[in-house]
2 protein chains.
Amino acid sequence: MTALAQPETKFTDELACAANEMPCARERLLAAAREVFAESGFRGATVRAICRRAGVNVAAVNYYFNSKEALFSAALDFTPLNRLLDAENSPACARARLAGFIRELLTHLISTRGSQKSQLLMHELLEPTLMLDEIVRDVISPLHTHVGQLVRAIVGPDIAPETLRRCVFSILGQCTFYRHSNEVIRRLHPEIPFDEEEIARTAAHIAEFSLAGLDRLAQPSAGPETRKP
Amino acid sequence: MTALAQPETKFTDELACAANEMPCARERLLAAAREVFAESGFRGATVRAICRRAGVNVAAVNYYFNSKEALFSAALDFTPLNRLLDAENSPACARARLAGFIRELLTHLISTRGSQKSQLLMHELLEPTLMLDEIVRDVISPLHTHVGQLVRAIVGPDIAPETLRRCVFSILGQCTFYRHSNEVIRRLHPEIPFDEEEIARTAAHIAEFSLAGLDRLAQPSAGPETRKP
DNA sequence: TTGTAACTCAAACACGTGTTTGATACGCTC
DNA sequence: GAGCGTATCAAACACGTGTTTGAGTTACAA
């Protein structure tokens, strides 16, 4: 009833809160929400689990955000992954830039830090909320566009749009496989360490594998369906 | 209390049930469970939703299966995807067999029929239950082994195990991308029809793209990192 | 007809969920 | 100190969950 007027007058300035030594309840709530939502998705996450991790009372969620859904929206910070995109100013050639992008993306997908976002994305892929549209628009779409530009720079401007799109999917699919099928890989090959060196080797393989595919598309040779050994 | 002794004496012979014109409650329950579990995963699925779709009372689940979890186990029929593997007797060469496999897998992943299993697998990848170990052992592992044999037949027996493994991941990753990122693709490219012809074209692209990668691995040329345009 | 077993059902149970409430403590101005 | 807004809390609320119960119905044999 009277809940609508509450949150506006409470803590509009987050800097005043962050100035304290220990983060205030609202900030701890946001941090905990990011963790729990990434682990369990929107439906699977419970406000009690979030509040327990934040060390606040259950009522704090509705006190600061009015609802679990509003907390979900407020907790997401889907700023574009600029670190993956700012290679445009890089002087390297397109082939090297693609290899670097693959390595950065793979690191982001596998590392425990960046995996928080991609973990949440996986939940959204299975049970989309309204948030998915925003994620696709602000994060995923720039990624696809960037890879598409790299592919076009490598194979030439005459590539058909469908072919370009499929090449982007092929490259991104190889990378995202290591996150989506992570539980499968760990069961099939428990010996893989997935440390920094393994990630680098894997990224190098994906880059080499993909550049070979792009090179074959670049040369207008005979169709592959009729190829015989 | 007395529930343990019940289900053994009830309906051990499913054929007697299937002989009727309309499937009995137990069979309808299993069919509905397969649908709802695939849509929502184990946690997201509710016994009331399953029973509503099956047209039976809520008590039927515990009457026939003792628990929601037992219904989950009974509903899963993860027989190996033999249709994807029986190409071993096929006389075609390894390259053509790989292309055929990719097309079959892609059809299975995208088609609404086969997607029931892969949809459930996606839920298991996010929130693994004990069922995932069984799925990996009986379904996923044979798939990886089969692709590994095809890759080895194409690039030769001298390929390093890590390289072989990464090639398998690259091929499967390109295919599974169309399922895992289905919601992203539909938002980025709503114009794609994904009918039979589109699937065939996509499969042909993945096969060509992958064969180019395998061919480059087969020829022990210079490393790709030092390549310049 | 009677008895027995399999089956079905509405209702209830115990518990977890998001949300609300009323009270209490803190920090501030007057 | 009085007054007031902010913040925190335990407790309760309404509802959805898996599960159980006890009565009712059906089918078939004695």
Side-chain angles (χ1 to χ4, degrees), chain A residues 1-14 16-20 22-30 32-33 36-37 40-75 127 129, chain B residues 1-14 16-17 19-30 32-33 36-37 40-75 127 129:
Chain A
M1 308 297 181
T2 63
L4 274 178
Q6 282 189 18
E8 319 299 339
T9 63
K10 259 175 286 185
F11 234 119
T12 54
D13 189 4
E14 301 187 0
C17 174
N20 294 338
M22 171 144 182
C24 66
R26 192 189 135 97
E27 289 303 309
R28 276 180 295 149
L29 210 41
L30 281 171
V36 179
F37 279 133
S40 310
F42 178 73
R43 256 234 311 256
T46 70
V47 302
R48 281 175 174 82
I50 295 173
C51 292
R52 201 179 315 124
R53 190 169 305 195
V56 303
N57 188 269
V58 264
V61 164
N62 290 274
Y63 178 73
Y64 285 108
F65 301 96
N66 279 330
S67 72
K68 175 189 178 185
E69 195 159 5
L71 170 62
F72 185 57
S73 300
E127 303 182 81
T129 70
Chain B
M1 309 295 183
T2 63
L4 275 178
Q6 282 189 17
E8 319 298 340
T9 62
K10 260 175 283 185
F11 234 119
T12 54
D13 189 3
E14 302 188 0
C17 174
N20 295 339
E21 302 128 18
M22 171 143 183
C24 66
R26 192 188 134 97
E27 289 304 309
R28 275 180 295 150
L29 210 41
L30 281 171
V36 179
F37 279 133
S40 311
F42 178 73
R43 256 236 310 255
T46 70
V47 302
R48 281 175 173 82
I50 296 173
C51 292
R52 200 179 315 123
R53 190 169 306 194
V56 303
N57 188 268
V58 261
V61 164
N62 290 274
Y63 178 74
Y64 284 108
F65 300 97
N66 281 330
S67 72
K68 174 189 178 186
E69 195 158 7
L71 171 62
F72 185 57
S73 301
E127 302 182 82
T129 69

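Here is the naming used below: chain letters follow the sequence lines, and residue numbers restart at 1 for every chain. This structure is a prediction, so every number in the text was calculated from the model and none was measured.
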* Structure fact -> Scanning both residues in full, the closest heavy-atom pair of B/Val56 with B/Ala25 reads CG1-CB, 3.8 Å
* To do: Kindly give the heavy-atom pair with the smallest separation between A/Ser40 and A/Ala45, and that separation in Å.
  => CB-N, 3.6 Å
* Can you check whether A/Leu29 reaches A/Phe65 side chain to side chain, under 4.5 Å on heavy atoms? -> yes
* Structure fact -> Rounded to the nearest 0.5 angstrom, the CG-OH distance for A/Leu71 and A/Tyr64 is 12.5 Å
* **Distance in Å, B/Phe37 CZ paired with B/Arg43 CZ, rounded so as to fall on 0.5 Å steps** => 13.5 Å
* Asked: Under the side chain to side chain donor-acceptor pair (under 3.5 Å) test, which residues partner B/Ser73, sequence neighbours left out?
  -> none
* To do: Could you pull out all residues at least two apart from A/Ser67 that satisfy side chain to side chain donor-acceptor pair (under 3.5 Å)?
  => none
* Five pairs at each end of the helix from C/dT1-D/dA30 to C/dC30-D/dG1: take the axis at both ends and give me the angle between them to 10°. => 30°
Show me the protein contacts with nucleotides 8-10 of chain C, counting only N or O atoms at under 3.5 Å.
{"residue": "C/dT8", "atom": "OP2", "partner": "B/Tyr64", "partner atom": "OH", "Å": "2.7"}
{"residue": "C/dC9", "atom": "OP2", "partner": "B/Asn57", "partner atom": "N", "Å": "3.3"}
{"residue": "C/dA10", "atom": "OP2", "partner": "B/Asn57", "partner atom": "ND2", "Å": "3.4"}
{"residue": "C/dA10", "atom": "N7", "partner": "B/Asn57", "partner atom": "ND2", "Å": "3.3"}

Shorter than 3.5 Å, N or O on both sides, protein versus nucleotides 24-28 of chain C: list them out with atom names.
none

* Mark yes or no for whether A/Lys68, through its side chain, and A/Val61, through its backbone, hold a donor-acceptor pair below 3.5 Å. => no
* May I have the distance from B/Leu29 (atom CG) to D/dT19 (atom C1'), rounded to whole angstrom? => 14 Å
Strictly under 3.5 Å: I want the nitrogen or oxygen pairs between protein and nucleotides 14-18 of chain C, one per line.
{"residue": "C/dG18", "atom": "OP1", "partner": "A/Ala45", "partner atom": "O", "Å": "3.3"}
{"residue": "C/dG18", "atom": "OP1", "partner": "A/Val47", "partner atom": "N", "Å": "3.3"}
{"residue": "C/dG18", "atom": "OP1", "partner": "A/Lys68", "partner atom": "NZ", "Å": "3.1"}
{"residue": "C/dG18", "atom": "OP2", "partner": "A/Val47", "partner atom": "N", "Å": "3.0"}
{"residue": "C/dG18", "atom": "N7", "partner": "A/Arg48", "partner atom": "NH1", "Å": "2.8"}
{"residue": "C/dG18", "atom": "O6", "partner": "A/Arg48", "partner atom": "NH2", "Å": "3.1"}

* Structure fact -> Hits for side-chain contact (heavy atoms from CB on, under 4.5 Å) against B/Ala59, two or more places apart or cross-chain, chain-then-number order -> B/Asn57
Pairs under 3.5 angstrom only: tabulate donor-acceptor contacts from the side chains of residues 48-55 of chain A to other protein residues two or more places apart or in another chain.
{"residue": "A/Arg53", "atom": "NH1", "partner": "A/Glu35", "partner atom": "OE1", "Å": "2.8"}
{"residue": "A/Arg53", "atom": "NH1", "partner": "A/Glu39", "partner atom": "OE2", "Å": "3.0"}
{"residue": "A/Arg53", "atom": "NH2", "partner": "A/Glu39", "partner atom": "OE1", "Å": "3.2"}

